[in-house]
Amino acid sequence: MASRDEVMAALARVAGPDGKTPLPDSGAVSGLTLRDGKVFLAIVVDPDRAKAMEPMRAAAEAAIKAVPGVAGAVVTLTAEAARAVAGGAQGHGHAHTAQTPRAGRAAQPIPGVKHIIAVASGKGGVGKSTVACNLAVGLAKLGLRIGVLDADLFGPSMPRLFGLSAKPDVAADGQKLVPLEAYGVKVMSIGFLIDEGAPVVWRGPMVMSALTQLLREVAWGDLDVLVVDMPPGTGDTQLTMAQNVPLSGAVIVSTPQDLALIDARRGIAMFKQVQVPLIGIVENMSYFLCPHCGGRTDVFSHAGAKREAETLGVPFLGEVPLDIAIRANSDDGRPVVACLADSAHAGAFVEIARRVAETLETGAPGAKPAPRIRFV
Ligand code: ADP
């Protein structure tokens with residue numbers, strides 16, 4: 001098994017961000033973790049130079065992989081929290097360094113993965129991740145082969161929602177990470193790779209670099225659908241991601257309040273801008289189900305999302321009640337679709353999953369025919 005010192009010695013042969021000082025002396029190495037022969041390393045760089053730093057990142061990864069006893073290595077570029085804040089970054093999607101999206105998309109498909117769909121919301125806290133998780137488990141229940149990519153680098157929630165905390169293994173070829181698995185779903189999240197509480201602030205190009213690794217350097221195997229939990233919001237970063245991931249379509253999660261709907265509208269506009277078809281809208285926290293009497297209360301103006309979907313000509317996929325059982329079980333890593341399989345909530349999610357699966361089969365409105373994958 002490789003030691004920390006051996007890894008550092010290997011990194012000494014790689015020049016740090018200034019192009020000459022060896023990495024271990026550059027002060028840029030942070031968050032070196034070794035576990036079972038797997039090495040996870042973050043290198044702190046100036047966010048504005050992240051793109052230029054990609055060869056350094058790749059060289060560091062290659063150097064670590066060459067150390068005897070190292071089964072695999074993942075090196076990511078990060079911006080130090082303090083520095084990024086000083087630079088004015090909010091962390092959430094307003095990275096001015098993100099590439100300006102072009103019209104049209106040229107994202108490469110992932111061999112073996114039939115469909116990739118995004119679950120997105122115009123703002124945080126509307127239950128996007130909860131819906132993404134239960135939708136994925138619901139799709140798996142329908143007999144489909146499902147993966148979940150937690151692309152919410154700013155606040156990964158899939159480890160918690162699926163009750164997963166192990167570090168992923170490295171595949172036999174030493175190249176790819178093996179996704180973790182729960183409730184019949186393969187899951188990959190930056191949360192598995194970076195210690196919780198690590199002060200990581202992602203900026204535009206780093207987001208793309210990390211996302212590309214999570215997307216393409218993972219042994220997904222054959223999947224019918226890969227569900228991508230997008231970061232909340234509609235900033236440049238999200239737009240760039242929506243453009244760079246080869247999406248079959250997007251599911252927008254909204255609560256019924258007017259405010260959330262304004263945000264949802266922004267989300268819809270964002271996907272339209274990058275020509276990603278909209279599979280539909282899910283109204284979460286649609287109404288309140290009392291756990292004591294079973295009575296129903298429309299806390300917000302119920303069915304706002306449904307009305308909005310009709311106005312916008314976007315399919316309405318279904319509504320999920322606000323219920324303590326959903327919150328409590330989700331926070332314990334027990335998706336209600338799997339753990340309260342007979343409940344009305346589980347039924348609602350499975351119905352939403354069925355609609356999504358049907359849409360993928362027949363093609364989302366505005367979808368182009370799926371690209372043919374040529375095997376050589
Ligand atoms: P987002 O991904 O939009 O930020 P989350 O999925 O993390 O939102 O949900 C935010 C909080 O709301 C979590 O504590 C979650 O358990 C809770 N929550 C989500 N949907 C529901 C629901 N339908 N009923 C009750 N609590 C919910």
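First listed ligand is number 1; within each ligand, the first listed atom is number 1. Since the model is a prediction, treat every value here as computed from it, not as a measurement. Just so you know, these numbers use all the heavy atoms, side chains as well, and skip hydrogens, waters and symmetry mates.
The proximity of Pro321 to ligand 1, defined as any non-hydrogen pair under 4.0 Å, is limited to the backbone. Heavy atoms from both the backbone and the side chain of Val126 come within less than 4.0 Å of ligand 1. Heavy atoms of Asp331 found under 4.0 angstrom from ligand 1 belong exclusively to the side chain. Only the side chain of Asn284 comes within contact range of ligand 1, with a heavy atom under 4.0 Å; no backbone atom does.
The ligand atoms of ligand 1 that sit less than 4.0 angstrom from a heavy atom of Lys128 are 1 (P), 2 (O), 3 (O), 6 (O), 8 (O). Shown in contact with Met285 at under 4.0 Å from a heavy atom are these atoms of ligand 1, numbered in order with element: 12 (O), 18 (N), 19 (C), 20 (N).
Looking only at protein heavy atoms, the nearest one to atom 8 (O) of ligand 1 is Gly127 N, 3.0 Å. With hydrogens left out, the protein atom closest to atom 16 (O) of ligand 1 is Arg327 CG, 3.2 Å, a heavy atom. The protein heavy atom nearest to atom 19 (C) of ligand 1 is Thr130 OG1, 3.5 Å.
Where the criterion is an N or O separation shorter than 3.5 Å, residue side chain and backbone included, Ser129 meets it with respect to ligand 1. Annotation: Gly125 places an N or O atom under 3.5 Å from an N or O atom of ligand 1; distance criterion only. Where the criterion is an N or O separation shorter than 3.5 Å, residue side chain and backbone included, Ile326 fails it with respect to ligand 1. Residue Ser157 has no N or O atom closer than 3.5 Å to an N or O atom of ligand 1. Between Ser330 and ligand 1, not a single N/O pair is under 3.5 Å apart.
Between Val276 and Ala242 the shortest heavy-atom distance is CG2-O, 4.0 Å.
Residue pairs satisfying the side chain to side chain donor-acceptor pair (under 3.5 Å) criterion with at least one member in residues 179-194, sequence neighbours excluded, are listed as follows: Asp150-Ser189. The side chain to side chain donor-acceptor pair (under 3.5 Å) analysis of residues 222-233, with sequence neighbours excluded, yields the pairs Lys114-Asp224, Lys128-Asp229, Ser129-Asp229, Arg145-Asp224.
Within 4.0 Å of atom 22 (C) of ligand 1, at least one protein heavy atom is present.
Side-chain polar atoms of Gln213 and Glu61 form a donor-acceptor pair below 3.5 angstrom.
Phe192 does not carry Lys167 over the face of its six-membered ring by the limits of under 6.0 Å from the centre and within 45° of the normal.
Side-chain contact check for Leu11 versus Ile64: some heavy-atom pair is nearer than 4.5 Å.
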Run the side chain to side chain contact (heavy atoms under 4.5 Å, CB included) test on Val131 and Asn134 for me, step by step, so that the C-alpha distance in whole Å, both residues' side-chain angles and the decisive distance to 0.1 Å come before the verdict. CA-CA 5 Å; Val131 170; Asn134 282 286; over 6 Å; no

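Using a distance-only test at 3.5 Å, with no hydrogens or angles considered, no donor-acceptor pair links the side chain of Arg334 to the main chain of Leu340.
For atom 25 (C) of ligand 1, the nearest non-hydrogen atom from the set Val119, Asp323, Asp229 comes from Asp323.
Other residues, nucleotides and ligands place more than 12 heavy atoms under 6.0 Å from the CZ atom of Arg216.
Taking CE of Met230 as the reference point, atom CG of Leu149 lies at 10.0 Å (rounded to 0.5 Å).
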